[in-house]
Amino acid sequence: MRKFQDVVFSKECVKFGKELGFDKVYFKELKTVKGKGHKENQKAVRKNIDILIDPVAENKRNFDTAIARIAKDNNVTIAVSLNEILDKKGIARVIYLRNLKSMIKICRRVGNNMIIISGAVDRYGMRNPEQLASLGILIGLGKPKQMWAVSNAYEAIK
Amino acid sequence: MKPFPSSLKEKKRYLKFKIISEKGIDGTAVKKEMTKEMFRLLGTIGVSETGFKILNFDEKNQTGEIKVDNNSVEKIKACLALIEEIDGEKSIIDVERTSGTLKALRKE
């Protein structure tokens with residue numbers, strides 16, 4: 001059975017997430033790191049973390065095959081957050097979506113576990129699970145993979 | 001005139017959405033924001049392929065119905081997910097149901 005799950009950064013979102021149709025909303029249960037530069041990303045995936053969020057938020061060179069392989073060996077999940085897409089406007093969003101496509105290509109080749117999260121800091125940053133999954137198609141995940149990324153992919157984290 | 005065969009007609013889907021916001025939002029602003037976001041994300045050709053049409057919007061319950069092409073449901077859902085503000089008010093467009101007929105969509 002499909003079980004929709006999400007990761008948020010605010011306590012008010014946990015209750016609201018359940019109203020939207022999520023079965024489980026993680027607030028502080030998982031160790032998450034926000035992606036930065038190449039060195040920081042490499043350092044993060046070597047540590048004992050669960051999720052690396054938006055490694056290509058600044059530049060697509062910040063995530064490469066080497067980092068993807070280390071992440072796979074250390075069982076680190078790569079996450080794409082809706083919050084980051086919403087934050088970026090105009091040409092910055094275009095570049096970010098392009099970076100995401102190249103990141104997803106690497107992740108699929110290496111075989112990383114990928115999830116789509118809302119990463120919300122307030123209730124208006126959240127969307128229902130099916131809309132979140134639709135974003136998966138937009139950023140280049142296949143049709144079955146996008147549903148996997150909001151539901152069953154969490155089983156591989158712990 | 002020979003009738004257009006139903007097998008050649010585009011298949012459609014109906015979406016039911018709800019606006020989650022602090023204040024009530026009027027239908028014109030919702031239509032305007034949706035169209036704006038669709039053009040921003042999909043472009044003119046993209047929007048024409050979706051067959052997007054807002055059927056109605058109930059301002060009292062803040063719910064509405066959209067008609068789209070069956071191949072474009074995911075695109076429309078993604079577009080609606082990217083809307084942050086309507087009429088300067090922070091809001092969420094929550095797609096509650098998807099159906100092939102209006103009758104089934106309106107069924108509780």
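Note that these values count all heavy atoms, side chains included, but never hydrogens, waters or copies made by symmetry. In what follows, chains carry the letters A, B, and so on, assigned in the order in which the sequence lines appear, proteins first and then strands, with residues in each chain numbered from 1.
- With a 6.0 Å radius and a threshold of 12 heavy atoms from other residues, nucleotides or ligands, A:Lys28 has its NZ atom at or below the threshold.
- In this structure, CD on B:Glu22 lies 7.0 Å from CZ on A:Arg123, to the nearest 0.5 angstrom.
- Looking at A:Leu138, only its side chain comes within 4.5 Å of chain B, counting heavy atoms on both sides.
- When the shell of 6.0 Å around CZ of A:Arg61 is examined, it contains 12 or fewer heavy atoms from other residues, nucleotides or ligands.
- Residue B:Glu89 holds its CD atom at 7.0 Å from OH of A:Tyr124, rounded to the nearest 0.5 Å.
- Note that CD1 of B:Ile20 is 8.0 Å distant from CD of A:Glu19, once rounded to the nearest 0.5 Å.
- Under the 4.5 Å side-chain contact rule for hydrophobic residues, B:Val95 and B:Ile54 share a cluster.
- Looking at A:Leu82, the atoms closer than 4.5 Å to chain B (heavy atoms on both sides) all sit in the side chain, from C-beta outward.
- Ion pair A:Lys89/B:Glu84 flagged as a salt bridge, since at least one NZ, NE, NH1 or NH2 atom sits closer than 4.0 Å to an Asp/Glu carboxylate oxygen.
- A:Leu20 and A:Ile117 fall into different hydrophobic clusters, where Ile, Leu, Val, Met, Phe, Trp and Tyr residues are linked whenever their side-chain heavy atoms come under 4.5 Å apart, directly or through other members.
- By the 4.0 Å N-to-carboxylate-O rule, B:Glu37 lies close enough to A:Arg93 to be salt-bridged with it.
- In B:Glu85, the CD atom is crowded: over 12 heavy atoms of neighbouring residues, nucleotides or ligands sit closer than 6.0 Å.
- Counting heavy-atom pairs closer than 4.5 Å to chain A, the top-ranked of the candidates B:Leu82, B:Leu41, B:Thr98 is B:Leu82.
- The backbone N or O of B:Glu74 lies less than 3.5 Å from no partner atom in the side chain of A:Gln131, so there is not a single donor-acceptor pair.
- Taking CG of A:Asn128 as the reference point, atom NZ of B:Lys18 lies at 12.0 Å (rounded to 0.5 Å).
- Note on B:Ile19 and B:Ile66: same hydrophobic cluster, where clusters join Ile, Leu, Val, Met, Phe, Trp and Tyr whose side-chain heavy atoms are under 4.5 Å apart, directly or indirectly.
- Cluster annotation: A:Met147 is not connected to A:Tyr154 through the hydrophobic network of ILVMFWY side chains, with a link wherever side-chain heavy atoms come within less than 4.5 Å.
- Note: the hydrophobic cluster containing A:Val76 does not contain A:Leu30 (ILVMFWY, side chain heavy atoms under 4.5 Å, direct or indirect links).
- Separation of atoms CZ (A:Arg127) and CD1 (B:Ile92) is listed at 5.5 Å; rounding is to 0.5 Å.
- A salt bridge between A:Asp122 and B:Lys90 is present, with a side-chain N of the basic residue lying under 4.0 Å from a carboxylate O of the acidic one.
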